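In what follows, a structure is listed as structure tokens, so that the remarks can point back to it.
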Amino acid sequence: MSPRVRFAPSPTGALHIGGARTAIYNWAFARATEGTFVLRIDDTDAERSTPENTAQILRSMRWLGIDWDEGPEVGGPHEPYFQTQRAGRYAAALERMKASGTAYPCFCSAAELEAKREIARAGEGPTGYDRTCRGIDPSVAAARIAAGEPHVWRLAVPEDRGDIVVDDIVRGETVFPASAMDDFVLVRSDGTPTYNFATVVDDADMEITHVIRGDDHLSNTPRQILVFEALGHAVPRFAHLSMIWGADGKKLSKRHGATSVEAFREEGYLPEAILNYVALLGWSLDGETTIISRETLAREFSLDRISKNPAIFDFEKLEWMNGVYIRDLSPAGLAEKMIPWLVEAGLTTTADYEARPAWYESLVPLIAERAKRLTDIAPALAFLFTDGVTLDPASADKALGSDAARDSLAAAADALAGLGSWDHDTIESTLRELAVTLGVKPKVLFQAVRVAVTGSVVSPPLFESLALLGKEASVARMRAALHA
RNA sequence: GGCGCGUUCGUCUAGCGGUUAGGACACCGCCCUCUCAAGGCGGAGAUCACGGGUUCGAAUCCCGUACGCGCUACCA
């Protein structure tokens, strides 16, 4: 049987980086094994789940290029894929468990339970439910339920159950003492299922073979195994992933910067880079390769190369990797990606891009190897789109501060103004010859021109910039700088 | 408190009984060069958390300790 895996986010927020990694691993595992990747929305937390969050999660996954074989918007043989729409399945499962005696009603109030927990916690030993209601005679229980008494349904952990062994693919064999398993709640007093019940019912229904999820669920796993067994269903394999931390070793949060996939997109990251970087946070292809395409990931991913230890999210390395992917883009590809950012910055319009795409593509070489994020592009190209340019004071001071620099700039303006043809090579040879004639270092002359034309001592390559800006504008800026 | 998990350069990792402990980011130096980048070359950086074992030999296997994290809910 080919593997069936699932990613089951809770739509209580955006898809964050940890969830994205879980999704990526599930997806990659399914692709590499020719299995099936199911997307299921675990929205049983009615308080915090919203349709907007669900929509955003789907959007983020699509943006990353993670497609699912079954789930929202694509359907599948196990519809519906929203837990809130699967109430019938949970009710049916509970009925089966009632019939087999593996579930029983509990009438203890929240206050009573809390009091007991307090006492237990103060002393030694487990704090789990003390099974007060497990001994209630079924007919008595039925009468109390009929009378409308509030109750939950609990799992009856088998008395003779030995220690529960989870043969985790990532962590190896981990043993949980049966004594530590309490009769936890399956169905709440309002009739809705708890997480540990709903996921198991769904994973069983959907014939999930491998559960790949966050480390925080490892301790829940023995409970879930008990439910699988009570349901008489085969237990899937498990693979628990370590957490992703911020630089301070704490859970990754907004304090550390962007954490949602959406936020990374807004900060100018490419989906390929996020996918690649995040995949490497806890998995490696061979220990050497760092740039890994989506296709390679989908072909080569394997669970046995997942590492056990938690990873700290390194924004700097992600940024470097994003630069790698930006440089890897074709001129047309990067032009298309940068346009929204130029429009956003108020420098141009999509109409202008559509009118002369080739011109925009010719800008790409100026910034491709200088940009780490898409957000770096508009500031670097702004001087090409504005009427004039405001000189950065520090730059002006540095490159135009001396009389020699100003004199050579004036000479350069004159020399360039007289040019018949306006292209990179002509501009370069003109300025180089002028430097010789003037007896100044080329670098000094170039920097003076650079500041006059781009406003800053740091800019894209000079001759290309002048060629793209045009003769009139270039010369005008150089003369304007002399009077500044 | 109980139960579980984790610990290799600053960071991500390779390693699965014998290696000068390898790679990547970041850092430093040199080269290239019209600035900034990108690129090339080189460097520094890890007593493999600590302590005991097992073994001819341990980062690798076993036990313990420390620290960190997770679960211990009618959250997921």
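By convention in this document, chain letters (A, B, ...) are assigned in the order of the sequence lines, proteins followed by strands, and residues within each chain are numbered from 1. Predicted model, so just to flag it, every value in this text is computed and none were measured. As a basis for the values below, the full set of heavy atoms in this structure was taken, side chains included, without hydrogen atoms, waters or symmetry mates.
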Considering residues, nucleotides and ligands other than A:K471, do more than 12 of their heavy atoms fall under 6.0 Å from its NZ? yes

What do you reckon, is NZ of A:K441 surrounded by more than 12 foreign heavy atoms closer than 6.0 Å?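 Open: at most 12 neighbouring heavy atoms sit under 6.0 Å from NZ of A:K441.
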
Could you pull out all residues at least two apart from A:R89 that satisfy side chain to side chain donor-acceptor pair (under 3.5 Å)?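 Testing A:R89 for side chain to side chain donor-acceptor pair (under 3.5 Å), a comparison that skips the adjacent residues, returns A:D205.
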
Using a cut-off of strictly less than 4.0 Å between a heavy atom of the residue and any atom of RNA chain B, enumerate the qualifying residues of [range] by number.
range: residues 449-459 of chain A; answer: A:R450, A:V457, A:V458, A:S459
range: residues 278-290 of chain A; answer: A:L280, A:L281, A:G282, A:S284, A:D286, A:G287, A:E288, A:T290
range: residues 370-384 of chain A; answer: A:R370
range: residues 165-176 of chain A; answer: A:R171, A:T174, A:V175, A:F176

According to the Watson-Crick and G-U wobble definitions, with both distances under 3.5 Å, which nucleotide is paired to [N]?
N: B:rG18; result: B:rC56
N: B:rC67; result: B:rG6
N: B:rC34; result: none
N: B:rA24; result: B:rU11
N: B:rA44; result: none
N: B:rG1; result: B:rU72

For A:A411 and A:L438, work out which heavy atoms get closest and say how close.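 Smallest heavy-atom distance, with atoms named: CB-CD2, 3.9 Å.
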
Atom OG1 of A:T430 and atom CH2 of A:W422: how far apart are they, to the nearest 0.5 Å? 8.5 Å

Atom pair CG/OG1 of A:N26 and A:T22 - distance to nearest 0.5 Å: 7.0 Å

Which nucleotide in B:rG23, B:rU72, B:rU13 has an atom nearest any side-chain atom of A:A311: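 It is B:rU13.
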
Can you sort out the partners of [X] under side chain to side chain contact (heavy atoms under 4.5 Å, CB included), two or more places apart, ordered by chain and number?
X: A:Q447; value: A:A399, A:R450, A:V457
X: A:E369; value: A:R327
X: A:S293; value: A:E295, A:T296

Got a donor-acceptor contact below 3.5 angstrom from the [X] side chain to the [Y] backbone?
X: A:W283; Y: A:S302; answer: yes
X: A:N309; Y: A:S242; answer: no
X: A:R154; Y: A:D183; answer: yes

Suppose the criterion is salt bridge (charged side-chain N to carboxylate O under 4.0 Å, His left out): which pairs have a residue in residues 427-436 of chain A, not counting sequence neighbours?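 As it turns out, the salt bridge (charged side-chain N to carboxylate O under 4.0 Å, His left out) pairs with a partner in residues 427-436 of chain A, which skip direct neighbours, are A:E428-A:R432.
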
Output every pair passing salt bridge (charged side-chain N to carboxylate O under 4.0 Å, His left out) with a member in residues 405-417 of chain A, not counting sequence neighbours, ordered by first then second residue.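 For residues 405-417 of chain A: A:D414-A:R479.
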
Between [N] ([atom2]) and [X] ([atom1]): distance, integer Å:
X: A:D314; N: B:rA26; atom1: CG; atom2: P; result: 9 Å
X: A:D392; N: B:rU35; atom1: CG; atom2: P; result: 18 Å
X: A:N309; N: B:rG70; atom1: CG; atom2: C1'; result: 15 Å
X: A:L416; N: B:rC34; atom1: CG; atom2: P; result: 17 Å
X: A:E369; N: B:rU33; atom1: CD; atom2: C1'; result: 11 Å
X: A:I312; N: B:rU7; atom1: CD1; atom2: P; result: 13 Å
X: A:F313; N: B:rC69; atom1: CZ; atom2: P; result: 20 Å
X: A:E316; N: B:rU13; atom1: CD; atom2: P; result: 17 Å

Does a distance-only test, which skips hydrogens and angles, find a donor-acceptor pair under 3.5 Å between the side chain of A:K317 and the base of B:rA24?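 Check passes, donor-acceptor contact within cut-off.
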
Phosphate-side-chain proximity, A:K308 and B:rC5, N/O vs OP1/OP2 below 4.0 Å: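 So the side chain of A:K308 is outside the cut-off, no N or O lying under 4.0 Å from OP1 or OP2 of B:rC5.
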
Can you work out whether A:R305 or A:V324 has the more 5'-proximal nearest nucleotide on RNA chain B?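 Its nucleotide being nearer the 5' end, the pick is A:R305.
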
Most 5' of A:M181 and A:W320 on RNA chain B, judged by nearest nucleotide: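 By nearest-heavy-atom nucleotide position, the 5'-most residue is A:M181.
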
Can you tell me how far [atom1] in [N] sits from the matching atom in [M], rounded to whole Å?
N: B:rG43; M: B:rG23; atom1: P; answer: 10 Å
N: B:rC9; M: B:rU60; atom1: P; answer: 14 Å
N: B:rA21; M: B:rU35; atom1: C1'; answer: 41 Å
N: B:rG15; M: B:rU33; atom1: C1'; answer: 40 Å
N: B:rA44; M: B:rC28; atom1: C1'; answer: 7 Å

So, for A:Y277 and A:F313, is the gap between ring centers shorter than 6.0 Å?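 A:Y277 vs A:F313: aromatic centres under 6.0 Å.
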
A:H217 ring center within less than 6.0 Å of A:Y195 ring center: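 Yes; A:H217 has its ring centre under 6.0 Å from that of A:Y195.
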
Please list all pairs meeting ring pair (Phe, Tyr, Trp, His ring centres under 6.0 Å) that have one or both residues in residues 426-464 of chain A, counting only residues at least two apart or in different chains.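 Output for this query lists A:H424-A:F463, A:F446-A:F463.
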
N/O-N/O pairs, protein side and nucleotides 74-76 of chain B side, under 3.5 Å:
residue : atom : partner : partner atom : Å
B:rC74  : O2   : A:S189  : N            : 3.0
B:rC74  : O2   : A:S189  : OG           : 2.9
B:rC74  : N3   : A:S189  : OG           : 2.9
B:rC75  : OP2  : A:R188  : NE           : 2.0
B:rC75  : OP2  : A:R188  : NH2          : 2.7
B:rC75  : O3'  : A:R188  : NH2          : 3.2
B:rC75  : O2'  : A:D45   : OD2          : 2.9
B:rA76  : OP1  : A:T44   : OG1          : 2.8
B:rA76  : OP1  : A:R188  : NH2          : 2.4
B:rA76  : OP2  : A:R188  : NH2          : 2.9
B:rA76  : OP2  : A:Y195  : N            : 2.9
B:rA76  : O3'  : A:D42   : O            : 3.4
B:rA76  : N6   : A:N220  : OD1          : 3.3
B:rA76  : N6   : A:N220  : ND2          : 2.7
B:rA76  : N1   : A:N220  : ND2          : 3.3

Decide side-chain contact (heavy atoms from CB on, under 4.5 Å) for A:R370 and A:D376; before the verdict, give the C-alpha distance in whole Å, the side-chain angles of both, and the deciding distance to 0.1 Å. CA-CA 8 Å; A:R370 265 162 273 268; A:D376 295 336; over 6 Å; no

Which is true for A:Y277 with a 4.0 Å heavy-atom rule: it touches a base, it touches only sugar-phosphate, or it touches nothing?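 If one applies the 4.0 Å heavy-atom cut-off, A:Y277 turns out to touch nothing in the nucleic acid.
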
Which part of the nucleic acid, if any, lies within reach of A:L462 when heavy atoms closer than 4.0 Å are counted: base, sugar-phosphate only, or nothing? base

